[in-house]
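Predicted model only: the values in this text are computed from it and were never measured.
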Amino acid sequence: MGAGDRPGSWMALSFRLPTPVSPDDLAAAWLAVIARHGTLRSVFVPGADGTPELHEVDVSPGGWIEHPIAPGQAVNEALRDALDRTCSPYARPSHRLCVLETTTGPTVVIGADHSHTDMWSMLVLARDLLSALSALRTGTTPALAPVLAFDQHTAALADRPTAPDDVRRRWAEILAASGDVMPRFPLSLGPVATLQHERVEVRDVLDVDESAALSAQARDDGVSTLALVVAAMTAVTQELAATPLRAVFPVHSRYDATWHDSVGWFITNSVLESADPTPRASADAVKEAVRLGSWPLEDLLRPWGGMPTAPGMFAISWLDLRRLPVRVDANGLEAQYVGATIRTDGVMIWFILDESGLHLRCRYPDTPEARRNVGAWLDLLIARLRTTARESAGGDCCSATGSSGWPGRPAPTCPPSWPC
């Protein structure tokens, strides 16, 4: 919010509707979703001193606006232009429902400024919209009961106890090791004193069987799948940069089930430091990062005058869709997260683990040095994770009786390189 109105501050989710729907029904369903979630009925305005202030507003029925696609313009480009205009920090409201009408059926896009939503929240919005549409198809009025609003969560966080001394000490130690700023990518990104055009890579890291094998290895090690990924990142960072893995580590602040169905930016930042690539040590590093991010940050970061960002900041996000209490048929709906196009000076990696495997999206400055160094880091990480999955598959992928090891699934056919 402090950076003001600008393009690219939004996030969006697209999904294909299973059956055609009239524009009136789609609008009615979206208004039912807005009525349920307080953050969709709030706007930010600049205060007298420039500090953003939050205000509640009424969102009433409006009309559909057609956005023409210019000759030679890609549909995605036209969509991003529309969201850049309507989902900026101080827009009223800063969210939009878009529909792409094609011969194969409608695709819905829900977009919102990031100050009002996170990836978990986008799934909540999709689920609630589909629920409202289902009610309308049966001739009934959508009955989406209101849930607690995000501003109530913000107030509740402010009332929580401040961090103990050992948490403050670890924050100070990790930031000091990073030059008294948030952790930065350990290899050169080139000239990033000013924002650069972004480069985005999307990679399928592990397929469904490889992911299952990695998860089975994690269970054998008594750790989470995330811990094994952190172990691999730790080893890669040591090999390429001769330094521990240090990164900004976003963690969700939905500290109990009260907030599971609410929409907002339920994300707080932590810091992750991992120097030992063994599974147990990496699990301990993840556990510590979650604890470091479980306290009010405004108080924690006051000695640095707020979050001490710097060019080259390195952030790692992890989302296991299989474990979320909010479920949608992502594959059946062809659901995809839609990213904005921005300029950047740092490295951000999003890992998503779902029913189809492990995937990552990485954004970094589009400089020759960053292409070379971030690319090499990603290549080595993915190779290491695939090796770990394949070496762990012997006992878990194929048993002597030909079972897959997972109820309800046929035994997979293993590649010749796998020790099955």
Side-chain angles (χ1 to χ4, degrees), residues 185-187 200-250 272-287 289 314-323 337 347-364 371-398 404-406 412-420:
F185 190 72
L187 300 169
V200 176
E201 296 192 30
V202 178
R203 303 202 190 186
D204 294 321
V205 182
L206 302 175
D207 64 21
V208 61
D209 289 319
E210 291 169 327
S211 295
L214 188 70
S215 295
Q217 181 64 51
R219 288 193 297 272
D220 287 347
D221 292 334
V223 301
S224 66
T225 305
L226 170 59
L228 287 191
V229 175
V230 169
M233 290 190 289
T234 303
V236 167
T237 302
Q238 289 179 339
E239 181 173 336
L240 295 182
T243 186
L245 172 69
R246 295 188 185 94
V248 179
F249 189 66
L272 170 71
E273 181 178 68
S274 177
D276 183 344
T278 61
R280 176 50 57 188
S282 298
D284 290 342
V286 171
K287 184 177 180 180
F314 182 31
I316 298 169
S317 174
W318 175 268
L319 184 63
D320 187 344
L321 294 179
R322 307 169 308 169
R323 299 181 60 184
Y337 287 105
V347 179
M348 178 81 199
I349 298 177
W350 295 266
F351 287 98
I352 294 184
L353 184 59
D354 61 19
E355 302 296 344
S356 66
L358 178 63
H359 321 275
L360 72 77
R361 179 176 183 266
C362 181
R363 182 180 66 210
Y364 58 87
R371 288 189 190 187
R372 180 171 61 253
N373 290 328
V374 178
W377 192 93
L378 291 174
D379 287 344
L380 188 56
L381 172 64
I382 293 171
R384 190 174 297 271
L385 287 172
R386 288 174 178 169
T387 298
T388 301
R390 290 166 181 166
E391 289 179 349
S392 71
D396 299 301
C397 175
C398 307
S404 67
W406 299 288
T413 301
C414 299
S417 61
W418 286 29
C420 293

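Side-chain contact between Ser211 and Leu353: present, with at least one pair of heavy atoms (C-beta onward) separated by less than 4.5 Å. Side chains of Ile352 and Leu321 form a contact here, defined as non-hydrogen atoms less than 4.5 Å apart. Counting heavy atoms from C-beta on, the side chains of Trp350 and Leu319 never come closer than 4.5 Å. The side-chain heavy atoms of Leu228 and Ser282, taken from C-beta on, include no pair separated by under 4.5 Å. Counting heavy atoms from C-beta on, the side chains of Leu226 and Asp320 never come closer than 4.5 Å. Side-chain atoms of Ile349 and Leu378, non-hydrogen and from C-beta on, do get closer than 4.5 Å to each other.
Smallest separation of non-hydrogen atoms from Pro186 and Thr243: CB-CG2, 3.8 Å. Here the closest heavy-atom approach between residue Val248 and residue Pro250 is recorded as O-CD, 3.7 Å. Scanning both residues, Val200 and Arg361, for their nearest heavy atoms gives CG1-NE, 3.7 Å. Between Pro279 and Val223, the shortest heavy-atom distance links the atoms O-CG1, 3.7 Å.
Listed by first then second residue, pairs satisfying salt bridge (Lys or Arg N to Asp or Glu O under 4.0 Å) with a partner in residues 375-386 read Arg203-Asp379, Glu239-Arg384, not counting sequence neighbours.
Arg246 places no side-chain N or O within donor-acceptor distance of the main-chain N or O of Phe314, the cut-off being under 3.5 Å. Judged by distance alone, with hydrogens and angles left aside, the side-chain atoms of Gln238 form no donor-acceptor pair with the main-chain N or O of Ala235 at under 3.5 Å. For Gln217 (side chain) and Ala389 (main-chain N/O), no donor-acceptor pair under 3.5 Å exists by modelled atom type.
In summary, the aromatic rings of Trp377 and Tyr364 are positioned with their centroids too far apart to meet the 6.0 Å limit.
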(message) Go through it in stages, so that I can follow the logic: the residues are Leu187 and Val374, the test is side chain to side chain contact (heavy atoms under 4.5 Å, CB included), and I'd like the CA-CA distance, side-chain angles, deciding distance and then a yes or no.
(response) CA-CA 8 Å; Leu187 300 169; Val374 178; over 6 Å; no
(request) Carefully, step by step, assess Thr225 and Trp318 under the rule side chain to side chain contact (heavy atoms under 4.5 Å, CB included). (result) CA-CA 11 Å; Thr225 305; Trp318 175 268; 4.3 Å; yes
(message) Does His359 form a side chain to side chain contact (heavy atoms under 4.5 Å, CB included) with Val202? I'd like the steps, not just the answer.
(response) CA-CA 8 Å; His359 321 275; Val202 178; 5.9 Å; no
(message) The test is side chain to side chain contact (heavy atoms under 4.5 Å, CB included); show your working for Val229 and Leu385 and say whether it passes.
(response) CA-CA 7 Å; Val229 175; Leu385 287 172; 4.1 Å; yes
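The pair Glu355-Arg322 fails the salt-bridge criterion, with no side-chain N (NZ, NE, NH1 or NH2) lying under 4.0 Å from an Asp/Glu carboxylate O.
Taken from CG in Leu360 to CD1 in Ile382, the straight-line distance is 5.0 Å, to the nearest 0.5 Å. Atom CG of Leu272 is separated from atom OG1 of Thr234 by 7.0 Å, given to the nearest 0.5 angstrom.
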